[in-house]
Amino acid sequence: SYTAIGSGVNLAARICRGASWGEIRIDNKIAARLDDAWEIEDLGPLDYRGFAEPIPTHVVTHVPPVLRPNRIDAPLVGRRTELDHLEDAMVSLWSGRSAGIVSVVGAAGMGKGRLVTALRDRLEQRSPKPIWLEAQADEIRTQPLATLSDALSAAFGRPGRAESSERLTSYIANVAADAPELATELERGRLTFGDLLGIQADQAASADLDPRTRFENAVHAVTNLVLAEARLAPVILSIVDAQWIDPATAEIVRRVQEDVSADRVAVLVQTRDSDTGLPADNIVELGPLPDTTIEELARLALGSSPSPDLVTTLADRSGGNPFFLRQLLDYFRRNELLDIRSDGWHVTDPDTELPLDAQRLLVSRLDELAPEVRRIVQVGAVLGRDIDVRVLKSMVSDADSLKTATTAAIEARVWEEIADDHVVFHDHLVRDAAYGMLLGSDARTIHAHAAEALSNLHGDDPGYAAELAFHFDKAGRT
């Protein structure tokens with residue numbers, strides 16, 4: 001195995017620990033390599049443990065837009081009205097008022113995530129830039145407050161890591177500088193934050209609390225966190241795949257929204273249906289794309305105009321669903337089924353048998369993976385969209401083949417790496433297709449392996465109880 005060591009790594013760790021939530025700090029060497037598109041402020045020489053002399057330190061105040069992380073790089077086409085509606089629903093934040101709960105509703109593949117990414121790009125042109133707190137709901141990790149745990153983990157570190165506690169301490173100290181009363185309330189919520197982050201030092205104190213008290217403490221802690229952020233800029237709590245949100249989290253989000261209704265805070269919900277337990281003040285519904293938009297998307301994908309016949313085929317087969325449309329175009333290209341004529345791109349042979357639906361399109365894409373890679377992808381699908389590679393490693397016999405398969409799945413855009421030990425399926429629909437390829441008996445066996453691996457790795461952590469129960473149930477072991 002390999003790791004990075006040396007004074008540079010140690011200094012980076014020390015500088016990182018001194019930074020507040022969302023802040024980027026650098027030393028002189030990095031500052032000298034940045035061009036004029038970056039903006040930095042000098043913090044002066046700061047003392048760091050393990051270094052004899054103070055180190056000149058800077059904070060980055062502006063990152064060039066081209067470097068902003070953006071998971072979706074395709075242009076937004078055909079959703080201008082919906083985007084304008086979303087932006088109008090959010091503008092009150094810059095007048096110091098709440099935008100309430102705003103829901104983006106659409107079937108799987110209709111482009112909810114792409115629309116929200118475009119909204120974020122627009123809103124980040126405003127001053128001050130909004131603070132985004134993103135929470136990902138999951139169909140497997142349904143234990144109470146799991147969605148909020150993920151949102152906090154994204155800010156303070158993944159569960160169980162010591163850095164989470166240090167970053168929380170640093171965050172409260174920064175708030176105390178200009179809002180001591182709010183910092184006191186955040187300190188009171190430390191036990192709750194510890195529960196949600198999985199960094200609880202005093203497990204006994206937490207266990208002694210009755211469920212209702214723990215729930216009210218969570219409402220109080222999250223409310224104060226949102227208020228602390230709203231001092232700096234408008235806050236948008238973005239909940240992805242809210243159709244899977246657990247009832248406890250939904251109630252906390254409702255309560256928090258009520259408690260901060262006088263502040264510049266919004267809850268932005270992405271969901272496949274409106275029955276999430278989060279009553280919306282504004283709803284943006286995404287329906288099928290019209291033929292004119294399908295034609296434009298095909299032109300962008302193919303580099304020149306599609307023929308009217310191809311547009312008709314794409315519209316009929318995709319049902320106006322942008323994700324399905326992209327998969328269909330990808331299928332045509334991979335199988336060399338298109339040729340260009342005077343009036344644009346055509347299907348080479350009109351009698352070519354095509355997959356009947358998006359599920360079969362995705363299956364055909366997964367079938368092109370090497371058998372050993374496809375098998376790892378299917379095993380990973382049992383764990384859900386978000387895959388802990390440490391758990392997956394415990395479920396397979398050959399660690400080297402897992403590493404090779406993981407790299408291949410990422411290169412094929414089936415998986416996306418989000419951390420050293422975590423990958424996610426590029427889309428929920430890809431995960432569903434991989435899982436659907438498993439026979440019933442095979443799926444039960446893999447769920448049993450998943451339950452065993454989780455039990456060995458996290459059996460003492462009550463936060464994994466619901467996930468363990470899910471796998472035991474799917475394995476037929478009740």
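Values below: every heavy atom of this structure, side chains too, minus hydrogens, waters and symmetry copies.
- The side-chain heavy atoms of L366 and L369, taken from C-beta on, include a pair separated by under 4.5 Å.
- Looking at V373, V423, L362, V430 one by one, the single match for side chain to side chain contact (heavy atoms under 4.5 Å, CB included) with V414 turns out to be V430.
- No side-chain heavy atom of K403 sits less than 4.5 Å from a side-chain heavy atom of D398.
- Within the 3.5 Å criterion, the main-chain N or O of S98 finds no donor-acceptor partner in the side chain of R264.
- Take F215 and apply the ring pair (Phe, Tyr, Trp, His ring centres under 6.0 Å) test, not counting sequence neighbours, and it matches no residue.
- Side-chain contact between L123 and M90 is present, with at least one heavy-atom pair separated by less than 4.5 Å.
- Remark: I387 CD1 to D421 CG distance equals 12.5 Å, nearest 0.5 Å.
- Side-chain atoms of L268 and L237, non-hydrogen and from C-beta on, never get closer than 4.5 Å to each other.
- With V102 as reference, L86 is the one residue of D281, I283, L86 to meet the side chain to side chain contact (heavy atoms under 4.5 Å, CB included) rule.
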Residue pair Q243, T276: steps toward the side chain to side chain donor-acceptor pair (under 3.5 Å) verdict:
CA-CA 5 Å; Q243 68 273 5; T276 61; over 6 Å; no
List the steps, then state whether side chain to side chain contact (heavy atoms under 4.5 Å, CB included) holds for E216 with T213.
CA-CA 5 Å; E216 292 298 333; T213 299; 5.9 Å; no
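- A 4.5 Å side-chain heavy-atom check between H471 and L454 finds at least one atom pair inside the cut-off.
- In terms of heavy-atom proximity, D259 sits nearest to V219 at OD2-CG1, 3.8 Å.
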Tell me, with the steps shown, if S394 and L457 meet side chain to side chain contact (heavy atoms under 4.5 Å, CB included).
CA-CA 9 Å; S394 298; L457 290 169; 3.8 Å; yes
Checking side chain to side chain donor-acceptor pair (under 3.5 Å) for the pair D386/Q136: CA distance, chi angles, key distance, verdict?
CA-CA 10 Å; D386 187 335; Q136 172 73 59; over 6 Å; no
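- Interatomic distance, CG of N224 versus OG1 of T184, reported as 10.0 Å (0.5 Å rounding).
- R385 places a side-chain N or O within 3.5 Å of a backbone atom of F425 that can act as its donor or acceptor partner.
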Could you go through residues 40-59 and list every donor-acceptor pair under 3.5 Å that involves a side-chain atom there, pairing it with any protein atom two or more places apart or in another chain?
unit_1	atom_1	unit_2	atom_2	d
D42	OD1	G44	N	2.8
Y48	OH	T57	OG1	2.9
T57	OG1	I55	O	2.8
H58	NE2	N28	OD1	2.6

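- The main-chain N or O of V91 is never found under 3.5 Å from a side-chain atom of R97 such that the two would form a donor-acceptor pair.
- In this structure, the side chains of E124 and P130 come closer than 4.5 Å at one or more pairs of heavy atoms.
- A salt bridge links R212 with E251: the distance from a Lys NZ or Arg NE/NH1/NH2 to an Asp or Glu carboxylate oxygen falls below 4.0 Å.
- You'll find the side chain of L278 reaches within 4.5 Å of the side chain of I239, heavy atoms only.
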Verdict with reasoning, R79 to E82, per salt bridge (charged side-chain N to carboxylate O under 4.0 Å, His left out):
CA-CA 5 Å; R79 299 294 193 194; E82 292 89 343; 3.6 Å; yes
Residue pair R190, T169: steps toward the side chain to side chain donor-acceptor pair (under 3.5 Å) verdict:
CA-CA 9 Å; R190 180 179 287 274; T169 297; 3.3 Å; yes
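- The nearest pair of heavy atoms linking S274 to V105 is N-CG1, 4.2 Å.
- The structure places CD of Q270 at 7.0 Å from CD of E134, a figure rounded to the nearest 0.5 Å.
- With hydrogens and angles ignored, the 3.5 Å screen pairs no side-chain donor or acceptor of S455 with any backbone N or O of A451.
- For A19 against R25, the heavy-atom pair with the smallest separation is CA-NE, 3.8 Å.
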Pair N321-M110, side chain to side chain contact (heavy atoms under 4.5 Å, CB included): steps then yes or no
CA-CA 5 Å; N321 184 301; M110 278 297 176; 4.1 Å; yes
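- Counted by atom type alone, N10 and S7 present zero donor-acceptor pairs between their side chains at under 3.5 Å.
- Salt bridge annotation for D84-R122: present, with a cationic side-chain nitrogen under 4.0 angstrom from a carboxylate oxygen.
- By the 4.0 Å N-to-carboxylate-O rule, K112 lies too far from E285 to be salt-bridged with it.
- Heavy atoms only, all atoms of each residue included: A118 and L76 are closest at CB-CD2, 3.5 Å.
- Rounded to the nearest 0.5 Å, atoms NE2 (H422) and CG (D388) are 4.0 Å apart.
- Using a 4.0 Å cut-off between charged side-chain N and carboxylate O, D27 and K29 make no salt bridge.
- Side-chain atoms of N217 and H220, non-hydrogen and from C-beta on, never get closer than 4.5 Å to each other.
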Check against side chain to side chain contact (heavy atoms under 4.5 Å, CB included), T407 and W415:
CA-CA 9 Å; T407 300; W415 285 351; over 6 Å; no
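- In this structure, E372 CD and R375 CZ are separated by 12.5 Å, a value rounded to the nearest 0.5 Å.
- For the atom pair L232 CG and N174 CG, the distance stands at 9.5 Å (nearest 0.5 Å).
- The environment of CG in D178 is crowded: more than 12 heavy-atom neighbours from other residues, nucleotides or ligands sit within 6.0 Å.
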